[in-house]
Amino acid sequence: MNSVCRWALCAAMLLFPACLTGQDAPAKDAAAKDAAAKPPAETVVAKSDVLRIFETVKARVEAPTTAELKMNMDVFANLIVEQIVAPGTAVKKGDVILKFKTDKIEQQLQESKQELEIAGLSLKEAESNLNQVVQTFDLDHKIAQETWDHKQQDVDYYFRVTAPFSERRVKKNLESATFQVEYAQDELDQLEKMYKEDELTEESEEIVLKRARRSLDTTKFFFESEKDDHDHSLSVELPRSADSQRKALQRGELEFKKAMISLPSQRQLKELELQKQQFTHAKQKRDYEKLLADMEKMTLKAPIDGVIYHGQCRRGTWSNAAGSPTRFIEIGATIPKDAVVMTIVDFAKIRLRGELEEKQLASIRLGSNGTARPTANPESSFAATVVEIGSIAIEEGKFDCVLNGEALPKLLIPGMTCEVKLLGYEKKDAVMVPKASVFSDDDGQSHFVFVPTDAGHERREIKAGKTKDDKTEVISGLKSGDKILKTKPE
């Protein structure tokens, strides 16, 4: 390249920036004018400050030392108040504080005593019956066995001896009757033959013949009768007798088997009856003893020194056992047999009991301190400390919380209410910025602010902490003294 070319190139290079500068000048001027016309964005400064967040808890005053007077009646249930100490009364241990009407229980005691005596007599009778069965069991068993043996022997003797002999006797009777007829006929024939040969019959001979004929006639009649008895005995009486003997043997066998079953069953039945009577007597005795114990409970005495409250305290709230909308139990009221009717409260030491919401568990811990203000006197206050937090919910989203108080006002008594503000969070050098200057994406998890720069502003991610009133704590991303835009830029 010659010198002329090099000169021309250098001249061109020197002129090119100048040309560009001349072209950009109008744009820069417009921007400068716009910046001068638009006011700078308003900023705020992140500052270190003490951050304290308090949680509010509604609490009731309660006494940890109490004595509940629960009826715990075992049998008697007709509890009508006859005399009762008014609520708020100071009592000493052993003082009579409640009496119930006793006319009904006295009548029931009398009836129960009579039932117990009747059960005792029935028990003795059952014992006697069992003893008799036990004592006669072996004898009855022996008698049943002997009866069955005798029956078998009798039937065997009948068929072996009695029946054959009866048959022979009947036949022999018929045979004897036949002979008697023959004898009478022979005698008459001989007499007639003898007297006929004489041709002349004397009067005495006629008499003898008449007697012989009558004797023959009678003998024939006896023969006919004996023959009828013979036929009837062989065809009817003896078969019937044999059948009766067989049936008697069967019946005897059944009765023996029945006795072998019924005798042990009767003994077992008497044993069961005795057990039943023993159970009944024991139950009647227990009921009577329970009723006697209930009689002792018809008058209640104070187990400790303290102040009387009607009803039962549950988590600092009083309820009336008699079901009345008031906490005062009147004379004539009917009390449930298993209810807490009165409570004696020891005022020497009292405490607070409240309920924490589930969201408060993250900030309230054992040892958390705060200030309690009585509803009866909001101008006064006293320090309170959490000493107990329930591990399970007492109801949906509610957890038990017990607080001890210091220098409690004298006007506080169990059942009154207080508002307690507990310190849930404290940080002495918390970096705080206006809540309105902190922004979040749609997910609601990430937070950011806008920081001013020479060019305008830039987005900066931060980690947000607690919020109090209109301030938000910044845990990371900013430090004290940093400036951020007050509002979100357009």
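Computed from a prediction, not measured in an experiment: that's the story for all the values here.
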Is the side chain of Glu388 donor-acceptor paired with the backbone N or O of Asp400 at a distance under 3.5 Å, no angle test? no

Results of side-chain contact (heavy atoms from CB on, under 4.5 Å) for Glu426 - residues two or more places apart only: Arg52, Leu423

Once you round to the nearest 0.5 Å, how far does CD1 of Ile105 lie from CZ of Phe100? 10.5 Å

Show, in sequence, the C-alpha distance, side-chain angles and deciding distance for Lys398 and Glu357, and conclude whether the side-chain contact (heavy atoms from CB on, under 4.5 Å) test is met. CA-CA 5 Å; Lys398 300 289 185 179; Glu357 296 182 6; 3.8 Å; yes

Any sub-3.5 Å donor-acceptor pair from Thr343's side-chain atoms to Gly311's backbone N or O? yes

Taking Glu255 as the fixed residue, which of Lys258, Lys257, Arg251 is the one that meets the salt bridge (charged side-chain N to carboxylate O under 4.0 Å, His left out) rule? Arg251

Run the numbers on Lys47 and Ser480 for side-chain hydrogen bond (donor to acceptor under 3.5 Å, both in side chains), then give the verdict. CA-CA 5 Å; Lys47 296 180 180 180; Ser480 180; over 6 Å; no

With no hydrogens and no angle check, is any side-chain donor or acceptor of Asn377 less than 3.5 Å from a backbone partner on Pro374? no

Six-ring centre of Tyr425, Lys466 cation under 6.0 angstrom, axis tolerance 45°: yes

Short N-O contact, Glu355 and Lys58, less than 4.0 angstrom: no

Pair Asp482 + Lys479, salt bridge at N-O below 4.0 Å: yes

Side chains of Gln107 and Asp103: any donor to acceptor distance under 3.5 Å? no

In short, Ile329 meets Ile84 closest at the heavy-atom pair O-CG2, 3.7 Å

Rounded to the nearest 0.5 Å, the NZ atom of Lys276 sits from the CG atom of Leu274 at a distance of 12.5 Å

Where do Ile350 and Leu412 come nearest, in terms of heavy atoms and distance? CD1-O, 3.9 Å

Among all residues two or more places apart in sequence or in another chain, which pass the side-chain contact (heavy atoms from CB on, under 4.5 Å) test with Ala430? Leu51, Lys427, Met432, Glu473

Closest approach of Ser368 and Leu422, non-hydrogen atoms and distance? O-CD2, 4.1 Å

State whether the side chain of Thr375 and the backbone N or O of Thr417 hold a donor-acceptor pair below 3.5 Å, judged by distance alone. yes

Main chain of Pro414, side chain of Tyr309: is a donor-acceptor contact present, judged purely on distance under 3.5 Å? yes

Please lay out, stage by stage, how His141 and Met260 fare under the test side-chain contact (heavy atoms from CB on, under 4.5 Å). CA-CA 7 Å; His141 190 279; Met260 294 301 99; 3.2 Å; yes

Can you classify the ring geometry of Phe448 versus Phe450 as parallel (below 30°), tilted (30 to 60°) or perpendicular (above 60°)? perpendicular

If I take atom CZ from residue Arg373 and atom CZ from residue Phe382, how far apart are they, to the nearest 0.5 angstrom? 10.5 Å

Whether the side chain of Ser440 engages the backbone of Ser446 through a donor-acceptor N/O pair (distance < 3.5 Å, no angle test) should be reported. yes

Short side-chain to backbone donor-acceptor contact, Ser265 and Ile261, under 3.5 Å: yes

Hey, is the main chain of Lys93 close enough, under 3.5 Å, to the side chain of Asp305 for a donor-acceptor pair? yes

Closest non-hydrogen atom pair between Ala464 and Ile475, with its separation: O-CD1, 4.0 Å

Test Ile344 against every option in Thr66, Val307, Leu69 by the side chain to side chain contact (heavy atoms under 4.5 Å, CB included) rule and name the one that passes. Leu69

SB check Asp287 Lys283 (cutoff 4.0 Å): yes

In this structure, OG1 of Thr102 is separated from CD of Glu82 (nearest 0.5 Å) by 6.5 Å

Taking every heavy atom of Phe256 against every heavy atom of Ala144, the minimum-distance pair comes out as CD1-O, 3.4 Å

If you count the non-hydrogen atoms of other residues, nucleotides and ligands that lie under 6.0 Å from NZ in Lys468, is the total more than 12? yes

Going by atom type alone, with no hydrogens or angles, which donor-acceptor pairs under 3.5 Å involve a side-chain atom of residues 115-134 and a protein atom two or more places apart or on another chain?
| residue | atom | partner | partner atom | Å |
| --- | --- | --- | --- | --- |
| Ser122 | OG | Ile118 | O | 3.1 |
| Asn129 | ND2 | Glu125 | O | 3.3 |
| Asn131 | ND2 | Glu127 | O | 3.1 |

How many angstroms lie between CG in Asp294 and CG in Leu109, if you round to the nearest 0.5 Å? 8.5 Å

Please test Arg246 against Leu249 for side-chain contact (heavy atoms from CB on, under 4.5 Å), starting from the C-alpha separation and ending with a verdict. CA-CA 5 Å; Arg246 294 188 188 94; Leu249 182 64; 5.6 Å; no

Measure the CD-CZ distance between Glu358 and Phe399 for me, rounded to the nearest 0.5 Å. 5.0 Å

Which atom names give the shortest non-hydrogen contact between Ser381 and Thr371, and what distance separates them? CB-CG2, 3.5 Å

Under 4.0 Å between a Lys/Arg side-chain N and an Asp/Glu carboxylate O for Arg459 and Asp441? yes

